[in-house]
Amino acid sequence: MFEIFRDRNRKYRFRLLGEKNNVIAVSEGYDEKARVVAAINDAREYAATSRIADKSALSEELVGSTS
């Protein structure tokens, strides 16, 4: 579920909640509610078609090579 809220600076943000209402992601702040709604629609569209880029393997290799 996407939840729209206002932060302490009165910016609109959304958070994506998981199955047990745990926070999966939080957006940047927007001045207008219509912009945060558009960002939710973009997130829905992009998430459905996005690939996963695993950058953790490179980081783990670098950490392992320094020891």
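Nothing fancy with the numbering, it's 1 onward along the sequence.
- Here CD1 of I4 is found 13.5 Å from CZ of R13. Values are rounded to the nearest 0.5 Å.
- Put simply, the side chain of D54 gets close to the backbone of S56: a donor and an acceptor are under 3.5 Å apart.
- Between N9 and D7, the closest heavy-atom pair is N-OD1, 2.9 Å.
- Note: L16 CG to R44 CZ = 10.0 Å, rounded to the nearest 0.5 Å.
- Counting only heavy atoms from C-beta outward, the side chains of I24 and L17 never approach each other to under 4.5 Å.
- Taking CZ from F2 and OG from S27, the interatomic distance works out to 10.0 Å, rounded to the nearest 0.5 Å.
- For the atom pair CD1 (I40) and CZ (R35), the distance works out to 13.5 Å, reported to the nearest 0.5 Å.
- M1 contributes atom CE, which lies 12.0 Å from atom CD of E19 (distance to the nearest 0.5 angstrom).
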*Show your working on side chain to side chain contact (heavy atoms under 4.5 Å, CB included) between V37 and Y30 and close with a plain yes or no.*
CA-CA 10 Å; V37 171; Y30 296 90; over 6 Å; no
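- Closest approach of F14 to V36, counting heavy atoms only: N-CG2, 3.7 Å.
- Minimum interatomic distance between Y12 and R6 (heavy atoms only, all atoms of both residues): OH-NH1, 3.4 Å.
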